[in-house]
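Here's the structure, in structure tokens; my notes come after.
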Amino acid sequence: VFQIYFNSIPSISTKIMKISFKHILLSLSLALGAALLPSTAMAQTGEKTLGFAGGYASYNGGGYADLYFQYTFAPHLRIAPEIGYVFRNEHKSAFVCSVDMQFPFRLARGFNIYPLVGVTLNSWSYQHHHDDDWDDSDHATRGGFDFGGGFDVYLTRQLKLNFQAKYSLMNDTGGWFLNMGIGYNF
């Protein structure tokens, strides 16, 4: 009996430690999940968002940044003007201006997905290299149409992340714009 008692002590203390460690991990996981879980916010009529986005422009293979505004004037309809700059790469850079209509739909709590269509105007600058000199440049301004989609992740009622992919259909200068942004809702 004495031997059985001492042999069972490590087994019992190990089980207690395992149970306690499991409870601690479960509690930490639940707390972290609750902290990172998006709020119940979604696009509401009258919602206005001002944000900054950055990403990739396929026409010159470079990066771009833009400032955007979104105004939701119906449950599944918002207007989203933006103005941006495509950074010089492969001797090409541009100013970009678009006005898109987005159609957001709630997929889950704090998560919207949207298709988009719109109009765009891009002004591309081309810099040419002649005899070790970069002084020759050309410009091309093109208008066209945007097609694409994206999704919003509401972090809080005032803050949301968005991810967007759109194709700008234009003569000679069309291409993809892929971006990630953060916006403030007011």
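- Checked against a 6.0 Å centroid threshold, the rings of H91 and Y126 do not count as neighbours.
- F87 pairs by the ring pair (Phe, Tyr, Trp, His ring centres under 6.0 Å) definition with Y85, not counting sequence neighbours.
- Cluster membership check: V99 does not share its hydrophobic cluster with L121, using side-chain heavy-atom separations under 4.5 Å among Ile, Leu, Val, Met, Phe, Trp and Tyr.
- Expressed to the nearest 0.5 Å, how far NE2 of H139 lies from CZ of F95 amounts to 10.0 Å.
- Around CZ of F145, the count of heavy atoms belonging to other residues, nucleotides or ligands within 6.0 Å does not exceed 12.
- Residue pairs meeting the salt bridge (charged side-chain N to carboxylate O under 4.0 Å, His left out) criterion with at least one partner in residues 168-181, sequence neighbours excluded, are R142-D172.
- Remark: E82 pairs with K166 by the side chain to side chain donor-acceptor pair (under 3.5 Å) rule, at least two apart or across chains.
- Between F177 and A57, the shortest heavy-atom contact is CE2-CB, 3.8 Å.
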Does the side chain to side chain contact (heavy atoms under 4.5 Å, CB included) test come out yes or no for L161 and Y154, once each step is laid out? CA-CA 6 Å; L161 292 176; Y154 284 80; over 6 Å; no

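- In this structure, H76 NE2 and F105 CZ are separated by 5.0 Å, a value rounded to the nearest 0.5 Å.
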Please report the C-alpha distance between R78 and T72 in whole Å, then the side-chain angles of each, then the deciding distance to 0.1 Å, and finally whether the side-chain hydrogen bond (donor to acceptor under 3.5 Å, both in side chains) criterion is met. CA-CA 4 Å; R78 71 180 169 208; T72 305; 4.6 Å; no

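- Of all non-hydrogen atoms in D146 and S168, the two that sit nearest each other are OD1-OG, 2.6 Å.
- For the residue pair G144 and M170, the shortest heavy atom distance occurs at CA-CG, 3.6 Å.
- Both M101 and Y167 are assigned to one and the same hydrophobic cluster, defined by single-linkage of ILVMFWY side chains at heavy-atom distances under 4.5 Å.
- Proximity of Q70 to Q102: side-chain heavy atoms (C-beta onward) are separated by under 4.5 Å at one or more points.
- Among all heavy-atom pairs drawn from A165 and L178, the shortest one is CB-CD2, 3.4 Å.
- Residue D100 holds its CG atom at 9.0 Å from CD1 of I79, rounded to the nearest 0.5 Å.
- Take S58 and apply the side chain to side chain donor-acceptor pair (under 3.5 Å) test, not counting sequence neighbours, and it matches no residue.
- Residues passing the side chain to side chain donor-acceptor pair (under 3.5 Å) test with T141 are S123, sequence neighbours excluded.
- Residue Y59 comes nearest to T173 through the heavy atom pair CE1-CA, 3.7 Å, listed as atom of the first residue, atom of the second, then distance.
- Connection of L67 to L159 is not established within any shared hydrophobic cluster, with ILVMFWY side chains joined at heavy-atom distances below 4.5 Å, either directly or through further cluster members.
- N162 contributes no side-chain N or O that, together with a main-chain N or O of F151, makes up a donor-acceptor pair within less than 3.5 Å.
- L50 contributes atom CG, which lies 15.0 Å from atom OH of Y71 (distance to the nearest 0.5 angstrom).
- Across all their heavy atoms, S93 and R88 have their closest contact at OG-NH2, 3.2 Å.
- In this structure, D66 contributes its side chain and I83 its backbone to no donor-acceptor pair below 3.5 Å.
- Proximity of K48 to F69: side-chain heavy atoms (C-beta onward) are separated by under 4.5 Å at one or more points.
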When the side chains of residues 113-120 are checked against the rest of the protein, which donor-acceptor pairs come out under 3.5 Å, sequence neighbours left out?
unit_1	atom_1	unit_2	atom_2	d
Y114	OH	Q164	OE1	2.9
T120	OG1	C97	O	3.2
T120	OG1	S98	OG	2.8
T120	OG1	N122	OD1	3.2

Under 3.5 Å, which donor-acceptor pairs link side chains of residues 179-186 to any protein atom two or more places apart or in another chain?
unit_1	atom_1	unit_2	atom_2	d
N179	ND2	Y64	OH	2.9
N185	OD1	T49	OG1	2.5
N185	ND2	R157	O	3.2

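- Cluster membership for F52 and V96, using ILVMFWY side-chain heavy atoms within less than 4.5 angstrom, is not shared.
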